[in-house]
Amino acid sequence: METPRINGERIRRYLSEGKRFDGRKMDEFRNIQIELGISKKAEGSARVRIGKTEVIVGIKMDVGEPYPDSQDKGNLVTSAELLPLSSPRIELGKPGFDSIEMGRIIDRCIRESKFINFEKLCIKEGEKVWNVFVDIYSINDDGNLLDAAGIAAIAALKSAKMPGYNEATGKADYEKHAGKIPLSDDFPISITFHKIGDNFIVDPTREEEDFSETRVTIGSLKGTIASMQKGETEVITFEDLSKLLELVGKVYKDVAKEVEKQVK
Amino acid sequence: MTTKEFKRNDGRKPMELRPIKAKVGVVPNADGSAMYQSGDTIAIAAVYGPKQMHPQHSQNPEKGTLRCTYIMNSFSVSERAKMGPNRRSQEISKITEWALEPVLMLKDYPSQVIDVHVNIIQADGGTRCAGINAASMALAHAGIPMKSLVTSVSCGKLDKTLVLDINGYEDSKFDEGEGSTDIPISVTKDGSLTHMQLDGKISVDQLKEAVQAAREACKEIYDVQKEALKKSVGGEK
């Protein structure tokens with residue numbers, strides 16, 4: 001199942017000539033397909049395919065208590081489960097680090113970008129607020145599950161309808177709908193750059209991702225950065241970082257265009 | 001049995017199945033995969049193997065192991081379900097293994113394992129049946145020799161009326177008269193049972209009648225499964 005090392009050497013050599021196996025440019029995504037409403041009981045849901053990679057995300061909401069440090073704000077809980085169904089490499093058993101990190105990275109991208117207006121998700125200060133659950137499941141792993149999950153989360157949130165609030169029971173009423181989740185127009189996208197040799201690419205295939213030496217995930221809005229995470233052990237120079245920060249704007253635009261086109 | 005006036009919440013006749021969709025090849029990474037949809041219940045299944053069993057101490061040199069995992073997505077139900085395994089999902093995983101194992105020749109795969117992963121994307125009753133139907137198709141799609149496909153459906157009783165293919169409302173909310181009895185069964189092509197469960201209250205005679213009706217209905221489902229598999233190899237359009 002592992003990608004042979006010889007493929008890695010070839011990938012590296014190609015990249016040094018500015019080429020990729022599938023003919024894409026370094027900063028080019030595969031075809032992105034977004035399908036909404038794939039699970040009816042969820043408040044919002046989306047399936048995102050990037051090439052052969054596929055992720056589904058569902059949004060659920062319920063009424064809960066606010067955290068002590070945010071008495072007048074709703075809560076966000078983002079979790080990911082990398083299903084053994086999606087790849088022969090994913091082992092059965094408790095969630096591995098990759099699942100946990102994915103949930104945390106997507107959580108921070110949504111939270112820190114202020115995409116969700118949490119103040120408006122307060123029902124009664126100090127007592128009752130809405131919980132928003134973003135639940136991510138991988139269906140097929142052909143590289144870059146992380147960015148697919150981020151796009152699916154944004155698409156699912158944008159299409160979600162809040163349940164009604166039942167004053168008498170103090171709980172959510174799933175038979176009713178109470179409009180959209182309060183979101184800002186400016187939506188974040190999580191984009192991951194992978195360093196292979198001296199080059200950075202986006203949206204790696206499974207093969208390419210296997211030879212990624214380090215990765216930098218940037219949660220960005222139009223022109224601003226909301227979250228970042230550098231993963232894996234290889235160093236990046238300050239020049240590398242500057243280059244990525246230059247690049248991310250363009251990639252954001254490309255991906256955002258797809259989201260705007262496909263999520264109405 | 002006076003079943004004429006009985007009205008089901010989704011407008012179906014008592015012995016009517018929900019609309020079915022089936023498709024194979026939905027998970028490109030897997031050796032075999034399938035989607036099975038019955039009304040608003042959607043299951044996908046992926047098969048990996050046969051492959052060497054790890055860790056080694058789990059290997060059975062006498063015969064191969066069939067290992068099923070059933071996962072219901074947290075957002076597939078009205079009140080969010082916690083992620084990760086629970087008692088219910090572990091039992092259904094085992095039930096799925098028992099339902100499928102009789103049609104496999106596991107003796108041919110000593111020390112190996114066939115993994116079957118079932119994922120419920122949308123739930124409206126009958127998720128274990130949908131999962132078993134998808135899993136059976138996925139095994140066939142993976143090219144694993146099978147004595148038969150396995151086909152699953154629930155039969156049951158709502159108040160006094162015998163019905164087929166119980167939906168989520170009928171399973172959990174229906175409380176008129178005698179309430180609801182849910183009997184999921186799985187059968188091979190010749191109608192032998194590989195799985196059966198029952199929750200509720202039903203007379204012996206009615207139970208026999210219900211199971212007979214379910215076995216008949218499975219023939220209809222079997223054809224849908226077969227068609228989907230044929231399509232995948234370009235047999236019939």
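Keep in mind it's a predicted model, so treat the numbers as computed, not measured. Residue numbers start from 1 in every chain, and the chains themselves are labelled A, B, ... in the order their sequence lines are given, proteins ahead of strands.
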Exercise for the section: Against chain B, work out which of Ala42(A), Pro84(A), Ser45(A) has the most heavy-atom pairs shorter than 4.5 Å and name it. Expected result: Pro84(A)
Exercise for the section: For each of Lys52(A), Met61(A), Lys40(A), Lys171(A), tally heavy-atom pairs with chain B at distances under 4.5 Å, and name the one with the top tally. Expected result: Lys40(A)
Completion exercise
Closest non-hydrogen atoms of Ile121(B) and Ile56(A), given as atom of the first, atom of the second and distance, are CG1-CD1, 3.9 Å
Problem - Heavy atoms of other groups near Glu220(B) CD, more than 12 under 6.0 Å - result: no
Practice task
Kindly give the heavy-atom pair with the smallest separation between Ile139(A) and Val27(B), and that separation in Å.
Solution key: O-CG1, 3.4 Å
Practice task
Verify the neighbour count for atom CD of Gln197(B): are there more than 12 heavy atoms of other residues, nucleotides or ligands below 6.0 Å?
Solution key: yes
Exercise for the section: Select one option (side chain, backbone, both, neither) describing which atoms of Lys60(A) are under 4.5 Å from chain B's heavy atoms. Expected result: side chain
Exercise for the section: Pick whichever of Ala46(B), Ser74(B), Ser33(B) has the most heavy-atom pairs under 4.5 Å with chain A. Expected result: Ser74(B)
Handout entry: Interface moiety of Leu92(A) toward chain B, non-hydrogen atoms closer than 4.5 Å
Key = side chain
Problem - Flag, side chain of Asn29(B) to backbone of Asn140(A), donor-acceptor distance under 3.5 Å - result: no
Handout entry: chain A contact via Val26(B) - which portion, at a heavy-atom distance below 4.5 Å
Key = backbone
Handout entry: Pair Asp135(A) + Arg80(B): basic N to acidic O under 4.0 Å
Key = yes
Practice task
Answer with side chain, backbone, both or neither: which region of Leu83(A) has an atom nearer than 4.5 Å to a non-hydrogen atom of chain B?
Solution key: side chain
Fill in the blank from the handout: When the 4.5 angstrom heavy-atom criterion is applied to Arg47(A) and chain B, the contacting part is side chain
Handout entry: Which portion of Asp124(B) sits near chain A, non-hydrogen atoms under 4.5 angstrom
Key = both
Handout entry: Heavy atoms of other groups near Glu79(B) CD, more than 12 under 6.0 Å
Key = no
Practice task
Only one of Tyr174(A), Tyr137(A), Phe133(A) passes ring pair (Phe, Tyr, Trp, His ring centres under 6.0 Å) with Phe75(B); say which it is.
Solution key: Tyr137(A)
Problem - Closest approach of Ser87(A) to Tyr48(B) (non-hydrogen atoms, all atoms of both residues) - result: N-OH, 3.1 Å
Practice task
Identify which part of Ile71(B) has an atom lying under 4.5 Å from any heavy atom of chain A, answering side chain, backbone, both or neither.
Solution key: side chain
Exercise for the section: Pick one of side chain, backbone, both or neither for Ala156(A), based on which atoms fall under 4.5 Å of a heavy atom in chain B. Expected result: neither
Handout entry: Which portion of Ser78(B) sits near chain A, non-hydrogen atoms under 4.5 angstrom
Key = both
Exercise for the section: Check whether any side-chain N or O of Ser39(A) sits under 3.5 Å from a backbone N or O of Ser76(B) as a donor-acceptor pair, and report yes or no. Expected result: no
Practice task
Using a cut-off of 6.0 Å, state whether more than 12 heavy atoms not belonging to Arg88(B) lie near its atom CZ.
Solution key: yes
Practice task
Give a yes or no on whether Arg12(B) atom CZ has more than 12 heavy-atom contacts from other residues, nucleotides or ligands under 6.0 Å away.
Solution key: yes
Completion exercise
Ranking Lys51(B), His54(B), Arg67(B) by heavy-atom pairs under 4.5 Å to chain A gives rank one to Arg67(B)
Practice task
Could you check Glu81(A) against Asn73(B) for side chain to side chain contact (heavy atoms under 4.5 Å, CB included), going step by step and ending with a plain yes or no?
Solution key: CA-CA 9 Å; Glu81(A) 199 168 327; Asn73(B) 286 356; over 6 Å; no
Handout entry: Side chain, backbone, both or neither of Ile90(A) within contact of chain B (heavy atoms, under 4.5 Å)
Key = neither
Exercise for the section: Scan for side-chain hydrogen bond (donor to acceptor under 3.5 Å, both in side chains) pairs involving residues 141-151 of chain B, sequence neighbours excluded, and state none if there are none. Expected result: Thr151(B)-Gln225(B)
Problem - Residues, nucleotides or ligands: over 12 heavy atoms within 6.0 Å of Asp199(B) CG - result: no
